[in-house]
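In what follows, chains are A, B, ... by sequence order, proteins preceding strands, each numbered from 1.
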There are 2 protein chains.
Amino acid sequence: MEIHPLGMIIGSMRGIFPRLMIARMNELGFHYTFDQWVVLMVLAFKKKQDMVQQDIAEFMNKDKSLVLRIVDVLEKDALIARTTDLNDRRRNIINLTTKGRDLTNLFYKEEQLISEKLLEGLTEEEVNSFYKVISHVKSRAQEL
Amino acid sequence: MEIHPLGMIIGSMRGIFPRLMIARMNELGFHYTFDQWVVLMVLAFKKKQDMVQQDIAEFMNKDKSLVLRIVDVLEKDALIARTTDLNDRRRNIINLTTKGRDLTNLFYKEEQLISEKLLEGLTEEEVNSFYKVISHVKSRAQEL
DNA sequence: TATATTAGTTGACATTTACAACTATTTACA
DNA sequence: TGTAAATAGTTGTAAATGTCAACTAATATA
């Protein structure tokens, strides 16, 4: 099978969607970075109970020190709240506040609109393959 | 059709491949950033004659001032050479040096290996759909 | 009880993001 | 022909990210 090396493909497209989303959210008056939004959305679509910083870092495949800095900003803006896990005081459980949830609802709507525009013209099968490949790549990467 | 908003998908996977590639190239003794490699690879797989900084910036969907800084570093390391376009002296034509070409050949091999590992287990059809979606998204993004 | 591991924090430095403003040059137009 | 607009590249800047190490506090394990 002919493999297109992923470097230039990733290199040329990875900023596209984030930039479109950020531009739109800036228009609406919200000046958060893309990763800040991702953290909020991870919490909105909670993958498991009692998400902690380490969980978010793993999901985003980012260094925990970066997640800490993002969480600091979002907490300062009262979009999330951090509480100590009473079962394990090393862990901070992170939840969206009401204000945070309002923002993630808004982001989600805009995200859907832009996603629809970008994917318009593709078949459902093609889009599903796209998601499957991404999910597969994430799994494979964890094994390497 | 059910659309998975692209935010968290992009947010969780965009750093995977770059990080794997950078780790591998660091092992081999090359300490360039991912975007520095992308610039080299863009020049190696020349999309057109007489690539200039603006062309690279457009391909990478990045600000021209970033491309300038990357080009400065690569020129300093003698991986590329910059010459003024005699037909239009605003433009700098950028070419790989022999040293630069050696490095891109090496990067390409490693890129192929890692890509193969990440895509192993997927059908050719699924991978082709993946590339098609990406190409499509890039085109659509330029229209928005 | 001592050691190893984990979660989070802090710090440091290079690079990127995202603009604006500038210079030099070319193109368009009156 | 002269001027304005546009283009390519350069410089500057503040904030954020990438990436790593070293640290503290807490938990797990031998």
Side-chain angles (χ1 to χ4, degrees), chain A residues 10-12 14-27 30-40 48 50-77 80 82-94, chain B residues 10-12 14-27 30-39 50-77 80 82-94:
Chain A
I10 302 294
S12 67
R14 64 178 173 154
I16 288 179
F17 184 79
R19 187 168 299 113
L20 287 171
M21 277 307 307
I22 290 309
R24 178 58 184 149
M25 301 315 291
N26 280 346
E27 282 175 11
F30 302 103
H31 301 284
Y32 291 107
T33 70
F34 186 70
D35 278 346
Q36 286 164 348
W37 283 111
V38 172
V39 169
L40 290 173
K48 68 182 196 184
D50 293 352
M51 293 283 286
V52 297
Q53 290 172 206
Q54 184 74 349
D55 296 323
I56 298 172
E58 278 169 16
F59 176 85
M60 294 175 71
N61 201 31
K62 301 263 178 176
D63 195 77
K64 55 190 179 178
S65 58
L66 167 64
V67 172
L68 170 69
R69 277 181 260 173
I70 292 175
V71 162
D72 279 349
V73 168
L74 298 178
E75 189 187 41
K76 179 172 60 63
D77 285 9
I80 64 172
R82 210 169 0 197
T83 56
T84 303
D85 183 345
L86 298 180
N87 294 324
D88 184 343
R89 284 178 299 152
R90 292 174 294 180
R91 293 157 57 88
N92 292 331
I93 297 175
I94 305 178
Chain B
I10 302 294
S12 68
R14 64 178 173 155
I16 288 179
F17 184 80
R19 185 169 303 113
L20 287 171
M21 277 307 307
I22 292 307
R24 178 61 184 144
M25 300 315 292
N26 280 347
E27 282 175 11
F30 302 102
H31 301 284
Y32 292 108
T33 70
F34 185 70
D35 277 346
Q36 285 165 349
W37 282 111
V38 172
V39 169
D50 295 352
M51 293 284 285
V52 298
Q53 289 171 207
Q54 184 77 347
D55 295 324
I56 298 172
E58 279 170 17
F59 175 86
M60 293 175 72
N61 201 29
K62 299 264 179 174
D63 195 77
K64 56 190 178 179
S65 59
L66 167 65
V67 173
L68 169 70
R69 278 178 253 264
I70 290 176
V71 162
D72 279 349
V73 168
L74 299 177
E75 188 186 42
K76 178 170 61 62
D77 286 7
I80 64 172
R82 206 166 6 194
T83 56
T84 303
D85 185 344
L86 297 182
N87 293 325
D88 183 341
R89 284 178 300 153
R90 292 173 294 180
R91 294 156 57 88
N92 293 332
I93 297 174
I94 305 179

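- Side-chain N/O atoms of R69(B) and base N/O atoms of dG12(D) include a donor-acceptor pair closer than 3.5 Å.
- Between the CZ atom of R14(A) and the P atom of dT17(D) there is a distance of 14 Å, rounded to whole Å.
- In this structure, the separation between NZ on K62(A) and CZ on R69(A) is 11.5 Å, given to the nearest 0.5 Å.
- With respect to D35(A) and R14(B), a salt bridge is recorded, a charged nitrogen being found less than 4.0 Å from a carboxylate O.
- We find the CG-CD1 distance between D85(A) and I94(A) to be 11.5 Å, quoted to the nearest 0.5 Å.
- Proximity of S65(B) to the phosphate of dG12(D): no side-chain N or O atom is located under 4.0 Å from OP1 or OP2.
- Proximity note for K62(A) (side chain, C-beta onward) versus dT27(D), dA8(D), dT17(D): the nearest is dT17(D).
- In this structure, D50(A) CG and T83(A) OG1 are separated by 8.0 Å, a value rounded to the nearest 0.5 Å.
- Between N92(B) and the phosphate of dT10(D), there is a side-chain N or O to OP1/OP2 separation shorter than 4.0 Å.
- In this structure, R82(B) and Q53(B) have side chains that are in contact, with non-hydrogen atoms separated by less than 4.5 Å.
- Using a 4.5 Å heavy-atom threshold, the side chains of V38(A) and F34(A) count as touching.
- Distance CD (Q54(A)) to P (dT27(D)): 16 Å, rounded to an integer number of Å.
- Atom CD in Q53(B) sits roughly 11 Å away from atom P in dT11(D) (whole-Å rounding).
- One interatomic measurement links the two molecules: CZ of R19(B) to C1' of dC20(D), which rounds to 12 Å at whole-angstrom precision.
- Atom-to-atom distance recorded for F17(B):CZ and N61(A):CG is 13.5 Å, nearest 0.5 angstrom.
- The distance from atom CE of M21(A) to atom CG of N26(A), rounded to the nearest 0.5 Å, is 10.5 Å.
- Atoms CG (L68(A)) and C1' (dC23(D)) sit 13 Å apart, rounded to a whole Å.
- Take the nearest nucleotide of DNA chain D for V52(B) and for D35(A): the residue whose nucleotide is more 5' is V52(B).
- Checked options V52(B), D72(B), I56(B), D55(B); the residue passing with V67(B) is I56(B) (criterion: side-chain contact (heavy atoms from CB on, under 4.5 Å)).
- If you take CG of L66(A) and P of dA16(D), they are 11 Å apart, rounded to a whole angstrom.
- Considering CH2 of W37(B) and CG of L74(B), their distance stands at 9.5 Å, rounded to 0.5 Å.
- Counting non-hydrogen atoms under 4.0 angstrom, D63(B) reaches a base of the nucleic acid.
- Checking L66(B), I70(B), T33(B), V73(B) one by one against V39(B), the side-chain contact (heavy atoms from CB on, under 4.5 Å) holds for a single residue, I70(B).
- Protein chain B contacts DNA chain C over a range whose 5' and 3' limits, counting nucleotides with an atom under 4.0 angstrom from a non-hydrogen atom, are dT15(C) to dT26(C).
- Defining each end axis of the helix from dT1(C)-dA30(D) to dA30(C)-dT1(D) as the rotation carrying four pairs' C1' atoms onto the next four, with five pairs an end, the two axes are found to diverge by 30° to 10 degrees.
- Across the protein-nucleic acid pair, D55(B) atom CG and dA8(D) atom P stand 8 Å apart, rounded to whole Å.
- Rounded to an integer number of Å, the gap from I93(B) CD1 to dA8(D) P is 13 Å.
- Of the residues near DNA chain C, N26(A) and F34(B), the one whose nearest nucleotide (by heavy atom distance) lies more toward the 5' end is F34(B).
- Contact check for V71(A) versus L68(A): no side-chain heavy atoms found under the 4.5 Å cut-off.
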Would you tabulate the pairs of protein nitrogen or oxygen atoms and nucleotide nitrogen or oxygen atoms of nucleotides 5-7 of chain D closer than 3.5 angstrom?
from, atom 1, to, atom 2, distance (Å)
dT7(D), O4', R90(B), NH1, 3.3
dT7(D), O2, R90(B), NH1, 3.0

